Amino acid sequence: MKKISIVVPCYNEQEALPYFYEAVTGILSEIKCDYELVCVDDGSKDKTLSLLRKFSAEDKHVSYISFSRNFGKEAAMYAGFCNADGDCVAVMDADMQDPPSLLPKMLELLETGEYDSVATRRVSREGEPQIRSWFARRFYEIINKISDADIVDGARDFRLMKRSMADAIVAMSEYNRFSKGIFGWIGFKTCWLPYENVERVAGETKWSFWKLFKYALDGIINFSEAPLSIASWFGVLITVLDGMFLLFIVIRKLCFGDPVQGWASQICLTAFIGGVQLFCMGIIGQYLAKTYAETKNRPHYIISETNRDGATLIK
Ligand code: UDP
Ligand code: MG
């Protein structure tokens, strides 16, 4: 490898960034190949951008891209991939939850030529709220059953990959991005490195439980059509049940002939079918909303400031 590019999405990371910069440069300066840090400021409201300006003025290995507003981590990673020009590319969080000490091992594994990417996986979730871990586990179980994107439980976005894989990610230009799914979907030979969970060094997480929940649903909708089939199967099931019920009513009418009974069952059925219909329409609505966002063809990100020559400012 001649040059390794490290993409670092940063959103309000003024507390953690100095630790990260110190640790990563300490490790990268000891490996043989050239490196660059492509820091993407995702519309931070604190001093993240001024810190990045300072690092890049003092260190030619550091460059930065600053968004016009917060576009989200997915957009920040995409901007990094679109602009990084190393022979291999890595993504790392700025909060030290992706241990820089793993980098030499990852590089070594990639250089054996056996793999196209070396990815990391948390084997423990210590320090994380129990309820969050529980939902995360269920999410991995479900998505692996219903989609063809192979997503490993505990997989991090932290991975080192060859140029060919990075190019494939850039080519996946969908607007609704779910990187864990994209990495799995494009294939390539991946080596998994397990490690114990590390807590964030400073600052706080940008993901509330609700935001993560919506992100997980996004992942399912982006990589599986199973919810749509659920809607049609519901339709089939209810038609069959309805047919049986109709038969029952007709037979009862013929045998016993009581015309004005059944108000309660009528209301229950109407309400139940109404609920199922709304639920199914909701599923279709979710897919329609995604399709709407894709067809508008809006840019993934808008760069308002950068020190990288030739950076694509809007993509
Ligand atoms: N991040 C970002 N944009 C956002 C939210 C997060 O670029 O809108 C970055 C953040 O600065 C960090 C990484 O994404 O480098 C992971 O975020 P965080 O540590 O808050 O997530 P967690 O590790 O808690 O899942
Ligand atoms: Mg984190």
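Keep in mind that the numbers below use all heavy atoms, side chains included, and drop hydrogens, waters and symmetry copies. Worth saying up front: this structure is predicted, and the values here are computed from it rather than measured.
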Exercise for the section: Quick one: name the residues clustered hydrophobically with V250, using the 4.5 Å side-chain heavy-atom rule over I, L, V, M, F, W, Y, and just say none if it's on its own. Expected result: L254

Handout entry: ILVMFWY clustering at 4.5 Å (side-chain atoms), partners of F213
Key = I131, W134, F135, F209, W210, L217

Practice task
Go through L37 and H61 one step at a time and tell me if the side-chain contact (heavy atoms from CB on, under 4.5 Å) criterion holds.
Solution key: CA-CA 6 Å; L37 288 181; H61 291 108; 5.7 Å; no

Problem - Candidate list I182, I169, V91, test side-chain contact (heavy atoms from CB on, under 4.5 Å), partner M77, passing option - result: V91

Exercise for the section: Could you pull out all residues at least two apart from A289 that satisfy side chain to side chain contact (heavy atoms under 4.5 Å, CB included)? Expected result: none

Practice task
Identify whether the distance between the nearest side-chain nitrogen and carboxylate oxygen of D218 and K214 falls below 4.0 Å.
Solution key: no

Exercise for the section: Keeping the roles fixed (side chain from S44, backbone from D41), state whether a donor-acceptor pair exists under 3.5 Å. Expected result: no

Exercise for the section: Evaluate the criterion side-chain contact (heavy atoms from CB on, under 4.5 Å) for residue pair I6 and L28; output intermediate values, then yes/no. Expected result: CA-CA 10 Å; I6 305 218; L28 288 178; 3.8 Å; yes

Problem - For the student: nearest non-hydrogen atoms of H300 and R177, plus distance - result: CD2-CD, 4.0 Å

Handout entry: N144 side chain to I151 backbone, donor-acceptor under 3.5 Å
Key = yes

Fill in the blank from the handout: Here the pair of heavy atoms bringing S208 nearest to R132 is C-NH2, 4.3 Å

Problem - I4 and C33, any side-chain heavy atoms less than 4.5 Å apart - result: yes

Practice task
Can you establish whether the number of heavy atoms outside F279 located under 6.0 Å from its atom CZ is more than 12?
Solution key: no

Exercise for the section: Spell out, as yes or no, whether a donor-acceptor pair under 3.5 Å connects the side chain of T295 to the backbone of Y292. Expected result: yes

Exercise for the section: Sequence neighbours left out, what passes salt bridge (Lys or Arg N to Asp or Glu O under 4.0 Å) with K3? Give chain and number order. Expected result: E36, D85

Handout entry: F67 reachable from Y175 in the ILVMFWY side-chain graph, under 4.5 Å edges
Key = no

Problem - Cationic N near anionic O, under 4.0 Å, R200 to E15 - result: no

Completion exercise
Going by chain and number, the hydrophobic cluster around V152 (ILVMFWY, side chain to side chain under 4.5 Å) further includes W192

Problem - Other residues, nucleotides, ligands: >12 heavy atoms within 6.0 Å of K206 NZ - result: yes

Practice task
Test V170 against K315 for side-chain contact (heavy atoms from CB on, under 4.5 Å), laying out the working first.
Solution key: CA-CA 11 Å; V170 173; K315 176 146 174 157; 4.2 Å; yes

Problem - Hydrophobic cluster identity match, I31 and V89, side-chain contacts under 4.5 Å - result: no

Handout entry: Atom CD of E225: over 12 foreign heavy atoms under 6.0 Å
Key = no

Completion exercise
Between S117 and R159 the two heavy atoms that sit nearest each other are OG-NH1, 3.4 Å

Handout entry: Modelled atom types, side-chain donor and acceptor of R156 and T120, under 3.5 Å
Key = no

Practice task
Sorted by first residue and then second, give each ring-ring contact (aromatic ring centres under 6.0 Å, His included) pair with at least one member in residues 4-23; sequence neighbours left out.
Solution key: Y21-F55

Problem - Residue E111 excluded, over 12 heavy atoms near CD under 6.0 Å - result: yes

Exercise for the section: Check the surroundings of atom CD in Q266: do more than 12 heavy atoms from other residues, nucleotides or ligands lie under 6.0 Å from it? Expected result: no

Exercise for the section: Decide yes or no on side-chain contact (heavy atoms from CB on, under 4.5 Å) for Y301 and I65, but give the supporting numbers first. Expected result: CA-CA 11 Å; Y301 60 83; I65 286 169; 5.7 Å; no

Practice task
Taking all heavy atoms of A155 and all of Y140, pick out the closest pair and write down the distance.
Solution key: O-OH, 4.0 Å

Exercise for the section: Might you point out which heavy atoms bring L109 and V118 nearest each other, and give the distance in Å? Expected result: CB-CG2, 3.8 Å

Problem - Residue K211 excluded, over 12 heavy atoms near NZ under 6.0 Å - result: yes

Practice task
May I ask you to decide whether K2 forms a salt bridge with D34, counting only side-chain N to carboxylate O separations under 4.0 Å?
Solution key: no

Practice task
Look at the side chain of D42 and the backbone N and O of A76, then say whether any donor-acceptor pair between them is shorter than 3.5 Å.
Solution key: no

Practice task
Please say whether more than 12 non-hydrogen atoms of neighbouring residues, nucleotides or ligands are located less than 6.0 Å from NZ in K296.
Solution key: yes

Exercise for the section: Consider only side-chain N and O atoms of E13 and T48, and report whether a donor and an acceptor are under 3.5 Å apart. Expected result: no

Handout entry: Nearest heavy atoms of Y115 and T190, plus distance in Å
Key = CD2-C, 4.1 Å

